[in-house]
Amino acid sequence: MSRYTASDIEKKWQETWDKAGVFTVERDESRPKYYVLEMLPYPSGRIHMGHVRNYTMGDVIARYKMARGFNVLHPMGWDAFGMPAENAAMAVGGHPKDWTYQNIDDMRAQMKPLGLSIDWSREFATCDPEYYGQQQALFLDMLEKGLIYRKNAVVNWDPVDMTVLANEQVIDGKGWRSGAPVERRELTQWFFRISDFAEELLDAIDGLKDWPEKVRLMQKNWIGKSRGLEMAFELATPVNGFDKVEVYTTRPDTLMGASFIGISPDHPLARALEAENPDLAAFNAECRRMGTSEADLETAEKKGFDTGLKARHPLNPDWELPVWVANFILMDYGTGAIFGCPAHDQRDLDFARKYALPVIDTFIARENGKPVENEAFVPPKTEPVQWINHFAGLDVATGQEAIDRTIEYAEKHGWGQGKTQYRLRDWGLSRQRYWGCPIPVVHCDDCGVVPEKKENLPIRLPDDVTFDIPGNPLDRHPTWRNTTCPKCGKPAQRETDTMDTFVDSSWYYARYTAPHAKTPTSAPDVDYWMNVDQYIGGIEHAILHLLYSRFFARAMHLTGHLPAKAIEPFNALFTQGMVTHEIYQTRDEKGRPVYHLPEDVENGKLKATGEPVEIIPSAKMSKSKKNVVDPVNIVSGFGADTARWFVLSDSPPERDVEWTSSGAEGAYKHLGRVWRLAQEIAKSETPANKDDLPLEKALHRTIDDVTRGIEGFAFNTSIAKLYAFTNTLAKSAAGAAIRQKAMRILAQLMSPMTPHLAEEIWDLLGGKGLVTQAEWPVADPEMLVEEDVTLPIQVNGKRRSEITVPKDMPKEEVEKLALADQAVQKALQGQAPKKLIVVPGRIVNVVV
RNA sequence: GCCCGCGUGGUGGAAUGGUAGACACAGGGGACUUAAAAUCCCCAGGCAGAAAUGCCGUGCCGGUUCGAGUCCGGCCGCGGGUACCA
């Protein structure tokens with residue numbers, strides 16, 4: 001009997017697949033297609049367990065659909081632009097390009113042994129000029145269509161390094177390298193008009209039936225449609241040409257509870273007042289000395305500055321409200337100004353208590369309603385409340401009714417206008433960095449901003465750049481910027497901003513359908529292959545990447561690069577959970593954290609020095625925190641099938657998993673057992689006998705269960721059923737013929753998960769051709785029928801006994817049998833039951 | 001802060017509102033072996049009990065229901081996102 005040696009088996013079958021070209025696909029109008037896509041990886045240099053999990057899941061689907069007769073497209077590529085390559089260049093020298101392509105080579109080499117059913121002929125990296133050149137063409141088409149424009153926007157500015165920082169590079173309000181407090185700085189940047197599509201992107205969510213409900217909800221909330229009131233508060237005394245403050249509110253019903261006007265430090269009025277008021281200028285400057293991220297702004301201590309200005313309440317000219325500058329008001333949302341209603345907004349209440357501003361109740365709870373003290377009263381908008389102060393004469397009404405009435409009232413009396421507002425902002429795509437797709441425009445002194453000519457694409461990144469000083473090397477490159485104006489031919493300068501890497505990943509799925517086309521897409525190929533039938537990726541992309549892709553598909557349709565059917569590019573989405581791991585850290589002499597790889601830590605101490613490490617609870621595996629486990633060790637030690645089997649069996653795919661190294665060995669043992677069983681069964685000569693039928697029934701039950709599991713992304717339960725059937729088959733004394741059939745089908749059912757071992761067993765048992773290309777087995781419905789069922793009997797909802805009855809026994813007879821049961825008799829003590837519930841085929845409950 | 005999830009034995013987890021803990025991992029016991037490894041068999045939520053069995057038990061508190069891990073309300077803890085990490 002030969003031992004299970006994964007390395008031999010796996011190499012052999014991978015070569016066989018390659019030679020036969022089984023995963024290389026062509027457009028074939030005569031066959032139905034199926035497009036499986038996993039979110040493309042960032043080439044960090046090493047694959048991690050999250051990758052293995054992601055690609056194995058996709059591979060199971062791809063192989064299963066292949067067995068179901070589909071022409072399956074299953075491509076792979078690299079999301080290759082981005083900050084880490086520049087950081088590496090800064091930290092250890094070298095060029096981002098070399099670092100990136102080396103990482104791609106390394107990762108591909110680690111990925112190939114997994115035996116994924118990928119069509120590698122379609123591979124590309126987003127940093128290939130052939131790819132980003134086509135992206136530049138898309139940019140020009142979208143610019144022409146008015147989908148892209150320029151405006152000012154704020155960035156994080158490191159005043160010491162003189163460079164723009166990403167939010168991730170701002171730690172506690174300071175630049176990560178210089179340690180200097182960051183500032184906000186305004187730059188002119190390029191934007192996609194995604195907010196013009198807010199309503200459509202929102203409506204279309206309802207059509208995404210095969211997306212997880214949580215993702216649809218998150219996207220809805222992100223788009224954030226709200227109906228509110230736009231209105232103005234007149235200033236009691238006009239100042240610097242300002243005679244009013246425009247305010248947008250979603251709770252106009254609380255207008256009688258207004259106690260102050262709050263404006264953003266970036267509000268034009270706040271800026272205008274700075275000139276005469278050095279204290280205010282200092283306050284605003286302090287507010288601006290802070291990162292731009294929403295989380296930072298929202299969690300920062302709420303601070304305000306009284307401008308001394310007064311604004312008149314629109315319903316009572318004698319009622320004057322103080323105008324404050326407040327650090328928690330975003331210039332980006334609404335008008336950058338609010339009225340504060342402390343009684344019905346916790347943040348406003350905290351602010352009011354801090355600065356001794358009035359708190360005015362406008363409504364109270366209908367039962368035991370009390371004035372607000374230190375907790376704002378914010379009931380759901382659908383809950384009726386008792387109004388104590390409403391100009392439109394409301395008594396009892398829900399918040400929503402009051403909002404509607406208020407808007408109506410304001411419009412009728414001409415002091416306000418109902419307005420639908422979205423939280424979604426336009427997508428800023430400019431990045432002040434080198435390692436990204438150059439924005440193909442030219443700045444000309446005479447003609448202004450001029451799009452590059454398409455025949456000049458791709459606008460390539462120059463190779464001769466250095467990263468010894470911070471900032472964008474394109475800005476300081478001696479020659480690259482110099483060009484001629486595409487319009488007038490005079491000397492001009494290239495745009496040095498590059499594109500957000502989210503642009504790269506917003507259309508790669510379309511490019512896979514024709515990766516070498518001379519245009520961004522080719523019509524027959526996108527028509528045939530689009531949409532992606534099953535998209536699989538991390539839940540961390542639930543909003544940005546998926547929303548941008550949905551927008552981009554629409555923009556590509558409007559510019560003629562995608563058919564109308566592809567404006568929602570992903571038919572079905574599955575979001576896998578993350579693989580997490582504890583984080584190990586020590587601190588350097590300055591107290592800054594230093595992270596360590598799990599493989600360098602043993603029993604809470606560094607293997608090398610014995611220094612104890614601080615253990616931080618599990619978080620998403622990330623290179624920067626070094627809490628990554630290398631799957632290569634598992635693959636080289638136990639084989640790809642073991643790694644694949646284990647990663648699928650370990651937990652439900654949508655759930656986060658905390659990685660522990662135990663378990664892989666158990667998977668390996670099991671596969672060895674299956675292999676031994678196959679060999680034993682191959683040699684069996686047992687004649688047919690009475691055990692044949694039970695085995696065959698179990699086989700069909702397993703086909704059904706496993707197939708359902710795969711269809712429903714419940715790979716872990718599919719695998720549990722495969723374990724159970726392996727046990728059944730091993731113990732069965734049935735004849736050789738049926739056991740061999742069962743073994744062959746078991747191999748087939750395992751083949752999406754452990755394709756190499758499955759081929760080996762299939763081959764051993766005389767299966768025709770490759771199991772990879774064999775037709776998926778179908779359960780015989782007659783074999784699934786059970787004659788008897790076991791019903792638990794409950795007394796008052798607690799299980800006390802059980803009875804086994806024929807499946808179709810009438811309810812009355814089941815009742816009789818149940819009442820006759822000893823445990824039931826004992827509980828009844830001669831009394832009649834109060835109630836008797838029989839759920840056919842399920843349960844009996846006796847209420848006494 | 002806000003939006004979205006998740007929470008079940010020692011561990012990973014299973015369970016269309018219907019027998020909580022399937023299937024595994026780790027563990028314990030046994031068989032085989034000179035011995036070990038490998039393999040095979042058995043046990044295993046907690047408490048009490050020799051056992052039969054009883055009570056408790058799905059983060060916490062409350063509710064709906066004949067029946068709740070599952071539905072509803074409120075908390076606690078953890079994770080993801082928060083627009084320049086990808």
Side-chain angles (χ1 to χ4, degrees), chain A residues 3 39 41-42 44 79 81-84 153 155-156 164-170 194 212-215 217-222 224 291-300 302 328 332 346-347 423-433 500-502 505 538-545 547-548 575 577-578 580 617-620 622-624 646 649-652 654-658 660 662-667 669-670 672-673 676 714 716-717 719-724 727 730 790-794 796-802 834-837 839 841-847:
Chain A
R3 272 180 62 94
M39 290 178 186
Y42 178 79
S44 60
D79 187 17
F81 277 134
M83 267 197 330
V155 293
N156 303 307
V164 176
L165 298 176
N167 284 337
E168 193 190 49
Q169 297 172 312
V170 178
I194 188 172
E213 186 54 35
K214 62 180 168 185
V215 175
L217 243 183
M218 280 190 257
Q219 294 224 345
K220 279 185 187 172
N221 290 336
W222 185 261
T292 57
S293 85
E294 192 196 316
D296 284 348
L297 296 179
E298 290 281 342
T299 53
K302 307 294 175 279
F328 57 87
D332 286 330
Q346 190 61 43
R347 193 172 57 182
R423 208 186 74 98
L424 180 66
R425 308 199 295 259
D426 278 338
W427 169 15
L429 68 116
S430 301
R431 296 293 180 270
Q432 295 69 43
R433 277 193 274 278
D500 179 6
T501 57
F502 273 122
S505 56
I539 183 67
E540 69 269 28
H541 294 295
I543 297 172
L544 293 180
H545 161 63
L547 190 63
Y548 289 156
T575 52
M578 277 160 303
T580 64
S618 271
K620 173 173 83 164
S622 86
K623 224 192 162 190
S624 61
F646 176 54
S649 68
D650 197 46
S651 64
E654 68 279 9
R655 200 181 292 187
D656 290 351
V657 288
E658 165 143 29
T660 53
S662 67
E665 203 176 327
K669 283 183 188 172
H670 177 72
R673 180 166 176 244
R676 280 194 306 280
N716 55 325
T717 55
I719 285 181
K721 301 291 182 186
L722 290 169
Y723 267 108
N727 292 337
T790 300
L791 299 179
I793 299 180
Q794 295 183 335
N796 293 337
K798 289 197 173 191
R799 185 185 169 281
R800 286 290 181 249
S801 181
E802 63 180 35
K834 274 193 196 147
K835 206 167 183 177
L836 186 55
I837 292 136
V839 184
R842 275 279 172 215
I843 204 163
V844 180
N845 192 10
V846 185
V847 184

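We name chains A, B, ... by the order of the sequence lines, and we start the count at 1 in each one. Worth knowing before you read on, the calculation uses all heavy atoms, side chains too, and leaves out hydrogens, waters and symmetry mates.
For the pair Y42(A) and P84(A), the tightest heavy-atom approach, listed with the atom from each and the gap, is OH-CB, 3.3 Å. Contact between Q169(A) and V164(A) at its shortest, heavy atoms only, is OE1-O, 4.3 Å.
Rounded to the nearest Å, the gap between the P atom of U53(B) and that of U58(B) is 23 Å. Comparing the same atom, P, in U33(B) and in A24(B) gives a spacing of 27 Å after rounding to whole Å. The separation of C4(B) from A86(B), taken at their P atoms, amounts to 26 Å, rounded to a whole angstrom. Taking the C1' atom of each, G13(B) and G63(B) are spaced 29 Å apart, rounded to whole Å. Between G54(B) and G21(B), the two P atoms lie 15 Å apart (nearest whole Å). Atom name P, nucleotides G67(B) and A15(B): the rounded distance is 25 Å, in whole Å. Rounded to a whole angstrom, the distance from the C1' atom of G17(B) to that of G10(B) is 30 Å. C2(B) and C75(B) have their P atoms separated by 11 Å, with the value rounded to a whole Å.
Among residues two or more places apart in sequence or in another chain, the ring-ring contact (aromatic ring centres under 6.0 Å, His included) test is passed with Y548(A) by W427(A), F502(A). Considering only residues two or more places apart in sequence or on other chains, A153(A) meets the side-chain contact (heavy atoms from CB on, under 4.5 Å) condition with Q189(A), F191(A). Judged as a ring-ring contact (aromatic ring centres under 6.0 Å, His included), and not counting sequence neighbours, W222(A) has no contacts. By the side-chain contact (heavy atoms from CB on, under 4.5 Å) test, A300(A) is found to be paired with M290(A), residues two or more places apart in sequence or in another chain being considered. Qualifying side-chain contact (heavy atoms from CB on, under 4.5 Å) partners for R800(A), counting only residues two or more places apart in sequence or in other chains: V795(A), K798(A), A823(A). H541(A) meets the ring-ring contact (aromatic ring centres under 6.0 Å, His included) test with H545(A); sequence neighbours excluded. Among residues two or more places apart in sequence or in another chain, the side-chain contact (heavy atoms from CB on, under 4.5 Å) test is passed with N156(A) by L165(A), N167(A), V170(A), T292(A).
No contact: A542(A) has no heavy atom under 4.0 Å from any strand. Nucleic acid contact for W427(A): none, since no nucleic acid atom lies under 4.0 Å from a heavy atom of the residue. Among the heavy atoms of the strands, none lies under 4.0 Å from S505(A). Looking at heavy-atom distances under 4.0 Å, H545(A) makes no contact with the nucleic acid at all. At a threshold of 4.0 angstrom between heavy atoms, the contacts of F502(A) include nucleobase atoms, whether or not backbone atoms are also involved. If you check every strand for non-hydrogen atoms under 4.0 Å, L547(A) touches nothing. Using a 4.0 Å heavy-atom distance criterion, K834(A) is classed as making no nucleic acid contact. Base contact: T299(A) has a heavy atom under 4.0 Å from a base atom.
Put simply, the side chain of I837(A) does not reach to within 4.5 Å of the side chain of Q794(A), judged on heavy atoms. In this structure the side chain of S649(A) never reaches within 4.5 angstrom of the side chain of N716(A), judged on heavy atoms. Using a 4.5 Å cut-off on side-chain heavy atoms (C-beta onward), R676(A) and R3(A) make no contact. Using a 4.5 Å heavy-atom threshold, the side chains of R673(A) and K669(A) count as separate. Side chains of D500(A) and R431(A) form a contact here, defined as non-hydrogen atoms less than 4.5 Å apart. Contact annotation: the side chain of V839(A) never approaches that of L791(A) to less than 4.5 Å [non-hydrogen atoms, C-beta and beyond]. Side chains of N796(A) and K834(A) form no contact here, defined as non-hydrogen atoms less than 4.5 Å apart. By the 4.5 Å heavy-atom criterion applied to side chains, E298(A) and F328(A) are not counted as neighbours.
Closest to the T501(A) side chain, of the nucleotides G81(B), A83(B), A86(B), is A86(B). Listed nucleotides U82(B), A86(B), G5(B) differ in distance to H541(A); the shortest reach to its side chain belongs to A86(B). Candidate nucleotides C85(B), A86(B), C3(B) were compared by shortest atom distance to the side chain of N221(A), and C3(B) ranks first. Closest to the side chain of N167(A), out of C85(B), U82(B), G12(B), is C85(B).
Contact check on R423(A) versus E294(A) returns a salt bridge, with a Lys/Arg side-chain nitrogen under 4.0 Å from an Asp/Glu carboxylate oxygen.
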Please list, pair by pair, any protein nitrogen or oxygen found under 3.5 Å from a nitrogen or oxygen in nucleotides 71-77 of chain B.
none

Between the protein and nucleotides 52-54 of chain B, which nitrogen or oxygen pairs are less than 3.5 angstrom apart?
none

Table of protein N/O atoms under 3.5 Å from nucleotides 37-41 of chain B N/O atoms:
| unit_1 | atom_1 | unit_2 | atom_2 | d |
| --- | --- | --- | --- | --- |
| C40(B) | OP1 | R673(A) | NE | 3.1 |

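Of the two residues near RNA chain B, N156(A) and N796(A), the one whose nearest nucleotide lies more 5' is N796(A). Of the residues near RNA chain B, R347(A) and M218(A), the one whose nearest nucleotide (by heavy atom distance) lies more toward the 5' end is R347(A).
Residue R431(A) has a polar side-chain atom (N or O) positioned under 4.0 Å from OP1 or OP2 of C84(B). Between K835(A) and C66(B) there is a side-chain polar atom (N or O) within less than 4.0 angstrom of OP1 or OP2.
Distance, D296(A) CG to C2(B) P: 16 Å, rounded to whole Å.
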Inset, instruction - Quick one: the dot-bracket string of RNA chain B, using Watson-Crick and G-U wobble pairs with both distances under 3.5 Å, [ ] for crossing pairs and | for bases paired to another strand. - result: (((((((..(((.....[....))).(((((.......))))).((((....))))..(((((..]....))))))))))))....
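In textbook terms, a nucleotide whose glycosidic angle is within 90° of 0 is syn, and G9(B) is one such case.
One can find a donor-acceptor pair under 3.5 Å joining the base of C84(B) and the side-chain atoms of Q432(A). Side-chain atoms of E294(A) come within donor-acceptor range of the base of G1(B), with a qualifying N/O pair under 3.5 Å.
No side-chain donor from either of R799(A) and N845(A) sits under 3.5 Å from a side-chain acceptor of the other.
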Inset, instruction - For each nucleotide in nucleotides 14-23 of chain B, reading 5' to 3', give B when a protein heavy atom comes within less than 4.0 Å of its base, S when such contact involves only the sugar-phosphate, and - otherwise. - result: S-B-BB--BS
